[in-house]
Protein chains: 2
Amino acid sequence: MAVAHRPKDPQRREKIIAATLDVIAEHGISGTTHRRIAAAAEVPLGSMTYYFTGLEELLTEAFMLLATTTSARYVEILDAATTRAEAREAMVEIITGDIWETPRTLTLSYELYAFSIKNERVREVIRHWMSQSRVAIGRHFDPMTTYALDAAIEGLTIHRSFQPEITLDMVREIVDRLTRNDAPTASL
Amino acid sequence: MAVAHRPKDPQRREKIIAATLDVIAEHGISGTTHRRIAAAAEVPLGSMTYYFTGLEELLTEAFMLLATTTSARYVEILDAATTRAEAREAMVEIITGDIWETPRTLTLSYELYAFSIKNERVREVIRHWMSQSRVAIGRHFDPMTTYALDAAIEGLTIHRSFQPEITLDMVREIVDRLTRNDAPTASL
DNA sequence: CCGATAGGTGTACGCTTGTACACCTCACGG
DNA sequence: CCGTGAGGTGTACAAGCGTACACCTATCGG
């Protein structure tokens, strides 16, 4: 009984998941097919059903990757802040910074929300993302303010992508207003 | 030369557009097909290509209907307010009120945003919706505050749908903070 | 050096899709 | 009462889809 024949490419799965995000970003979920993903990941079509039960599972895993990656970026930016002023500026950076420079992340978010309607597990992923994000914000602000800021990221990001006239200074002013009545917490 | 044979059902087009929104709400754009729309509108398949050039046109028109309808509702609620306090309460109602009671409108919004990535005309529809909405809000608040409130509708609506613990009072508090430094305009 | 077997893939199947268009219906001018 | 043409539809077609699985490949214990 031979054991033999190790996987040639142990990263195959991850490569496919990453490629899935690329395909969604470019074609939307309705244009995302096994064949296109296989082409993007440069793997044979057969690998799709070998590594994943179906398209739905693949999409779900892809969105988990998106949430993890983006969420980690939030945490990174917020944890770098040590003063209240820095924390405010960190919020401004999250809203206006390079995460959303490319339309990619924003596009993927839209598809994520749309997909979440049909998939409870993805809804869970979103809730987890939001909660992670609240933990990071909550290190600097009280709970009430934290909810407000978290929602502000969402709203301002979206609106800025359609209305570029919303300047950096306006975002700063909005963050200021939202944090003005904050009851400072222990913080770090 | 006969003139003859008037359309049996002059509302056909509108009926199809309305049915399209229903199908999108239930199945998402990726599950929206000519056949399903035809079934929902109780119209033969042939009517699809008779009244609309293609699926894309149909989706575009459907989203125009969504924008018009929802936007009109905003205006209605905001125009009913005559004092500053009422205007603030109107904002709270828009964010927490019956527009979003059913997941329908929110679901459709997600699909709208996702679709806008691929369709310039729909992006234009969104910009128009936002601008209408800003006009209505702007009757009560200064421009800067208006942008903030408009974005707050978006962010809070979305976040509340995932985090029901965001209460009405929290929304009120957030609207308060955003409008506190407002430089009152002439208003009505 | 030779099975045996884990790992991986090419191909083919049944189905659904968007779309076009040949055809049908029937109100009306003559 | 008939012929005409505007209005509308059933049907058929090619393309593309998800998915399953028979088959191939290459390693390694013996």
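Please read all numbers here as calculations on a predicted model, not as lab measurements. Below, chains carry the letters A, B, ... as their sequence lines are ordered, and counting in each starts from 1.
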Set out, line by line, the N/O atom pairs under 3.5 Å between protein and nucleotides 10-15 of chain D.
none

For the pair made of [atom1] in [X] and [atom2] in [N], what is the distance, rounded to whole Å?
X       : N      : atom1 : atom2 : value
A:Met48 : C:dG8  : CE    : C1'   : 12 Å
A:Glu42 : C:dT9  : CD    : C1'   : 16 Å
B:Phe52 : C:dT19 : CZ    : P     : 13 Å
A:Ile37 : D:dC17 : CD1   : P     : 11 Å
A:Arg12 : C:dA6  : CZ    : P     : 19 Å
A:Glu57 : D:dG18 : CD    : P     : 15 Å
B:His34 : C:dG18 : NE2   : P     : 6 Å
A:Glu56 : D:dT19 : CD    : C1'   : 15 Å

**Item:** Set of salt bridge (Lys or Arg N to Asp or Glu O under 4.0 Å) partners for A:Arg127, sequence neighbours left out
**Value:**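 Counting only residues at least two positions away or on another chain, A:Arg127 forms a salt bridge (Lys or Arg N to Asp or Glu O under 4.0 Å) with A:Glu120, A:Glu124.
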**DNA chain C contacts among residues 14-31 of chain A, heavy-atom distance under 4.0 Å** =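 Contacting residues: none.
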**Message:** According to salt bridge (charged side-chain N to carboxylate O under 4.0 Å, His left out), does anything in residues 26-40 of chain A pair up with another residue at least two apart or in another chain? List the pairs.
**Reply:**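 Passing the test, one end in residues 26-40 of chain A: no pairs.
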**Prompt:** How would you list all residue pairs meeting side chain to side chain donor-acceptor pair (under 3.5 Å) that involve residues 58-70 of chain B, not counting sequence neighbours?
**Reply:**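 Those involving residues 58-70 of chain B are B:Arg13-B:Glu61, B:Thr60-B:Asn119.
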**Request:** Check every strand shown and say whether A:Thr53 touches a base, only sugar-phosphate, or nothing at a heavy-atom separation below 4.0 Å.
**Result:**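 Nothing, no heavy atom under 4.0 Å.
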**Prompt:** Is any side-chain heavy atom of B:Ile94 less than 4.5 Å from a side-chain heavy atom of B:Arg73?
**Reply:**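 Counting from C-beta outward, B:Ile94 and B:Arg73 never come under 4.5 Å.
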**Item:** Atom CD of A:Glu165 with >12 non-hydrogen neighbours under 6.0 angstrom
**Value:**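 For A:Glu165, atom CD is crowded (more than 12 foreign heavy atoms under 6.0 Å).
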**Request:** Step through the shown structure and confirm whether more than 12 heavy atoms of other residues, nucleotides or ligands are within 6.0 Å of CZ on A:Arg121.
**Result:**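 For A:Arg121, atom CZ is not crowded (no more than 12 foreign heavy atoms under 6.0 Å).
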**Request:** For A:Thr179 and A:Arg84, test the side chains for any donor-to-acceptor distance below 3.5 angstrom and give the result as yes or no.
**Result:**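 There is no such pair between these side chains.
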**Prompt:** Is there a side-chain polar atom (N or O) of A:Tyr50 under 4.0 Å from OP1 or OP2 of D:dT19?
**Reply:**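 The answer is no; no side-chain N or O of A:Tyr50 sits under 4.0 Å from OP1 or OP2.
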**Item:** Inter- and intrachain pairs under ring pair (Phe, Tyr, Trp, His ring centres under 6.0 Å), touching residues 88-111 of chain A, at least two apart
**Value:**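 Residue pairs with at least one partner in residues 88-111 of chain A: A:Tyr110-B:Tyr113.
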**Prompt:** Measuring from A:His140:NE2 to A:Arg88:CZ, what's the distance to the nearest 0.5 Å?
**Reply:**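 Taking NE2 in A:His140 and CZ in A:Arg88, the distance rounds to 12.0 Å.
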